[in-house]
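Counting starts at 1 for both ligands and their atoms, following the listed order.
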Amino acid sequence: MSGVLAGFAALAVAELVAAAVRPQASPVIAVGGASIDATPAPVKDWAIRHFGTDDKLVLQLGILVVLAVLALVLGASAVRFRRVGAAGILLFGVIGAVAAVSRPDSGSFTDALPSVVGAVAGALLLHVLVGRLTAPARSEAAESRTVNEEAAVPASARWDRRGFLLAAASAAAASTAVGAVGRSLNGASGRSVVASRAEVVLPLPGSPARPVPRRAGPRIAGISPFVTPNKDFYRVDTALVVPKVDAAGWRLRIHGKGVRHPATYSFDDLLRRELIERDITLTCVSNEVGGPYVGNARWIGVRLADLLTECGVKAPSRGGRADQLVSRSVDGMTIGSPVEDVMDGRDAMLALGMNGEPLPFEHGFPVRMVVPGLYGFVSACKWIEDIELTTFDSYDPYWVKRGWARRAPIKTESRIDTPKPFARPKAGTVMIAGVAWAQHRGIDKVEVRIDDGPWQEARLAAEDTRDTWRQWSLPWQATKGGHTLTVRATDRTGAVQTDERTRTIPDGAGGWHSVVVTVD
Ligand SMILES: Nc1nc2c(c(=O)[nH]1)N[C@H]1C(S)=C(S)[C@@H](COP(=O)(O)O)O[C@H]1N2
Ligand SMILES: [Mo]
């Protein structure tokens, strides 16, 4: 109990100090962030697939459970060896401090303070509490006593029950209060930024998207809506705490190899440029066949190629010296995209708006990159603040260091949205429907197969653009019994979605999506 209380006090004090220093310097956040970065690629991919957006909650709970167990162990050993307990807590403080200072977004050694001050408070408390467990007169001698001698002293003589309970209760109450104040201060630190986002007014785009064709989103029960609402849009990133960046203070620097006129842009600089509005479907490389990490939104932003050209950057095919564009976020993420792709005329953009509002914080406010046709991990840097032109040979960004591919165009894929796996539709006409995507190439055909039957061409909804997914449907005369429904798409290059199952690492899952149903 002493150990757990001391651990709790340490975290509470750390939380309060973090409010004064920097919320992200809190030990749980820092150690959590460090463990995300250190997690081997397959485990990370597994966590994304199994916990989805909750992966971070699971991680934080996991850290707290581990800490609680270690605190129990430390508390138990402190009863025998008082100094061990305190030393153990201090050691955790050092681990937290090292993690906090070495986070890529840490700018200063003051980030160590929450962990250090918290650990000192925890160690002191443990010392005091354990002292109460032994008779006051004997507490010093107890440290050097052996287990056998200890057992010889009657329990009633060693144990100041009242004193201990009082100290423990006050410590618990004080820690709860301190922790609560720390939490609310940390929460408040983002509030002014939340307000600043609410004040952003996006100008009308000079180059608007044409309205989504009405027939792009037929009304079929169970199919994904053509435009994914922001609240339902998948989220994949390594940020334990969503960065809250103030648009007013935000700057984007463009520099590096072959950048003849390095420049820095403010949010207002971008707002004053011609804005383009485009429908683009985003996909995560960790999306399994049939998985949910794909979404379609209407983005508003500035053309990335224009900014690069203004800075004197040339595409490699025109003699440019850099073939890799590395974008960096405020939380230290690095994402590498081919310069050739972002300057080849596609609508690569620095997005400021998503589905008619400023970017939600989870999706990169104030500015993120969006590039049609490339998986998010090689193109879609959120909370971007720096663009460096370099080469693929000289620099590996975050995901590449962890085993993912350097270049990763989105694979041609299709998904059955309805019926759901293991559904039990009634015999008769059953609508099979879903989405297919091959961003920047476009979808030309979708076929469905029932069991081992022939491929039947599905009806394709109207195409919005070749950068968006396309809905499809096929009415099926379902007969009683178990059936396997399989879908495959063909893109505009004529390439048929491969049936070869590949893992998500290194460059995206491949294979056909199948759904098993039982018709009643
Ligand atoms: N700063 C930052 N940007 C990031 C990531 C990240 O971890 N940190 N993840 C990338 C990945 S892997 C994907 S798939 C997309 C997801 O964007 P979304 O969360 O808005 O859907 O963001 C990309 N941009
Ligand atoms: Mo991703």
Side-chain angles (χ1 to χ4, degrees), residues 24 32-33 36-37 39 41 44-49 52-56 59 103-105 224 227-245 250 252 280-288 291-299 301 325-337 348-355 357-387 397-406 408-411 413 437 439 469 503-509:
Q24 287 87 334
I36 291 178
D37 290 354
T39 304
K44 202 180 247 168
D45 203 50
W46 176 86
I48 293 175
R49 280 188 275 113
T53 301
D54 292 333
D55 56 350
K56 293 168 193 82
L59 175 70
R103 298 302 300 139
D105 58 342
S224 311
V227 177
T228 315
N230 288 355
K231 65 171 174 39
D232 300 331
F233 208 95
Y234 81 90
R235 176 187 161 204
V236 169
D237 56 57
T238 60
L240 262 184
V241 179
V242 175
K244 295 268 164 65
V245 182
W250 177 88
L252 172 73
I280 298 168
T281 300
L282 230 60
T283 310
C284 180
V285 71
S286 294
N287 191 49
E288 275 184 304
Y293 303 130
V294 49
N296 181 45
R298 175 157 283 199
W299 308 92
L325 178 152
V326 173
S327 37
R328 273 194 189 79
S329 69
V330 300
D331 61 333
M333 170 55 61
T334 50
I335 284 182
S337 323
M349 64 162 108
L350 292 173
L352 320 170
M354 178 179 186
N355 289 332
E357 54 169 317
L359 289 179
F361 288 108
E362 291 79 9
H363 297 291
F365 182 81
V367 181
R368 75 173 306 168
M369 236 167 87
V370 172
V371 183
L374 305 181
Y375 283 116
F377 82 109
V378 288
S379 68
C381 189
K382 305 193 272 189
W383 316 292
I384 192 172
E385 66 171 2
D386 187 283
I387 289 181
Y398 187 94
W399 298 102
V400 175
K401 284 196 190 98
R402 289 162 175 80
W404 270 273
R406 286 198 174 79
I410 297 174
K411 294 182 178 173
E413 271 295 329
W437 60 89
Q439 289 92 317
W469 61 12
R503 300 196 316 149
T504 52
I505 304 176
D507 63 359

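Not counting sequence neighbours, the partners of Glu413 by the side-chain contact (heavy atoms from CB on, under 4.5 Å) test are Val289, Trp437, Gln497. Listed by chain and number, the residues in a ring pair (Phe, Tyr, Trp, His ring centres under 6.0 Å) with Phe361 are Phe365 (sequence neighbours excluded).
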May I have every N or O pair linking ligand 1 to the protein at under 3.5 Å, one per line with atom names and distance?
residue	atom	partner	partner atom	Å
ligand 1	1 (N)	Ser329	OG	3.2
ligand 1	1 (N)	Lys382	O	3.1
ligand 1	3 (N)	Lys382	N	3.0
ligand 1	7 (O)	Thr238	N	3.0
ligand 1	9 (N)	Val236	O	3.2
ligand 1	17 (O)	Arg368	NH2	3.0
ligand 1	19 (O)	Val236	N	3.1
ligand 1	19 (O)	Lys382	NZ	2.6
ligand 1	20 (O)	His363	ND1	2.6
ligand 1	20 (O)	Arg368	NH1	2.7
ligand 1	20 (O)	Arg368	NH2	3.4
ligand 1	21 (O)	Tyr234	O	2.7
ligand 1	24 (N)	Ala380	O	3.0

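For the pair Arg235 and Phe233, the cation does not sit on the ring face, since its NZ or CZ is not both under 6.0 Å from the ring centre and inside 45° of the axis.
Using a 4.5 Å heavy-atom threshold, the side chains of Tyr293 and Ile48 count as touching.
Judged purely by atom type and a 3.5 angstrom limit, Thr334 uses its side chain to pair as donor or acceptor with the backbone of Tyr398.
For residues 357-378, the pairs satisfying side-chain hydrogen bond (donor to acceptor under 3.5 Å, both in side chains) are Arg197-Glu357, Asn230-Glu357, with sequence neighbours left out.
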